[in-house]
Amino acid sequence: NAGVTQTPKFQVLKTGQSMTLQCAQDMNHNSMYWYRQDPGMGLRLIYYSASEGTTDKGEVPNGYNVSRLNKREFSLRLESAAPSQTSVYFCASSDDGRNTEAFFGQGTRLTVV
Amino acid sequence: AQSVTQLGSHVSVSEGALVLLRCNYSSSVPPYLFWYVQYPNQGLQLLLKYTSAATLVKGINGFEAEFKKSETSFHLTKPSAHMRDAAEYFCAVILNTGGFKTIFGAGTRLFVKA
């Protein structure tokens, strides 16, 4: 019962390098999300996708791009990593509707040096 | 405007004592409210959710929350804390802005002392 799978779990980048965080869900959910978690800030929404082929900015989209490759997969790309992007990144998915819970991956701990 | 506000970034209780974690929501948002728990080095998991069927909502691990419209609050309680309850707790709301998205509060870290 996989749920939401994120890769990689850990990553260290040098400033200016690029990378893509991968996320896949097997629950046939329409909505997928990328959050970043920083101490004292809670989870802040970076981008979300309400359905295949659509993406929208969240609270903190600058420095990131996303791709909703298909219904299952939603990737997050850092084109030129900065130390301010050091964080723990979570992917989540949910079914449609106002009262549906989000299911989370285990997170990716990213350090930019 | 902040959709949900959690009062207290850290709460410390003794084992066996009452747990009270506070959450207030913006009255401009529809009341689809949730509490999530995050154990160390893990993702978030749902603790309970308010869906307007009842104002007192029971969740997993003995937690419950009461929706109070007059106070715009959705505080989380547990009568007797256990060591395994030590975790971070997040209040959340779903907003519909051309798509449903979950917005989280800043979180409250619960410490349980033996």
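Naming: A, B, ... by sequence-line order, numbering from 1 per chain. Just the heavy atoms: all of them, side chains too, but no hydrogens, waters or symmetry mates, feed the values below.
Interface residue A:Glu59: only side-chain heavy atoms are found under 4.5 Å from chain B. With a 4.5 angstrom heavy-atom cutoff, B:Glu88 touches chain A only via side-chain atoms. Neither the backbone nor the side chain of A:Phe103 comes within contact range of chain B; no heavy atom of the residue lies under 4.5 Å from a heavy atom of that chain. In this structure, chain B has a heavy atom under 4.5 Å from the side chain of A:Leu45, while its backbone stays farther away.
Using a 4.5 Å cut-off between side-chain heavy atoms of Ile, Leu, Val, Met, Phe, Trp and Tyr, with links allowed through other members, A:Leu76 and A:Val88 fall into different hydrophobic clusters. By the criterion of side-chain heavy atoms lying less than 4.5 angstrom apart, applied directly or through intervening Ile, Leu, Val, Met, Phe, Trp or Tyr residues, B:Phe74 is grouped together with A:Leu43 in one hydrophobic cluster. Tracing side-chain contacts under 4.5 Å through hydrophobic residues (I, L, V, M, F, W, Y), one never reaches B:Ile103 starting from A:Val60; they form parts of separate clusters. A continuous path of ILVMFWY side-chain contacts below 4.5 Å connects B:Tyr89 to B:Leu33, so both sit in one hydrophobic cluster. In the hydrophobic clustering of this structure, A:Trp34 does not group with A:Phe10; members are Ile, Leu, Val, Met, Phe, Trp, Tyr whose side-chain heavy atoms approach within less than 4.5 Å, directly or through other members.
A 6.0 Å sphere centred on CZ of A:Arg44 holds more than 12 heavy atoms belonging to other residues, nucleotides or ligands.
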(request) Report the C-alpha distance between B:Thr102 and A:Tyr48 in whole Å, list the side-chain angles of each, state the deciding distance to 0.1 Å, and finish with yes or no for side-chain contact (heavy atoms from CB on, under 4.5 Å). (result) CA-CA 10 Å; B:Thr102 304; A:Tyr48 70 105; over 6 Å; no

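The CG atom of B:Leu46 lies 10.0 Å from the CZ atom of A:Phe104; values are rounded to the nearest 0.5 Å.
Scanning residues 36-44 of chain B against chain A with a 4.5 Å heavy-atom cutoff picks out B:Tyr36, B:Gln38, B:Asn41, B:Gln42, B:Gly43, B:Leu44, ordered by number. Interface with chain B: from residues 61-68 of chain A, no residue qualifies, criterion being any non-hydrogen pair under 4.5 Å.
The two residues A:Gln37 and B:Phe90 make their nearest non-hydrogen contact at NE2-CZ, 3.3 Å. Of all non-hydrogen atoms in A:Gly40 and B:Ala106, the two that sit nearest each other are O-CB, 3.9 Å.
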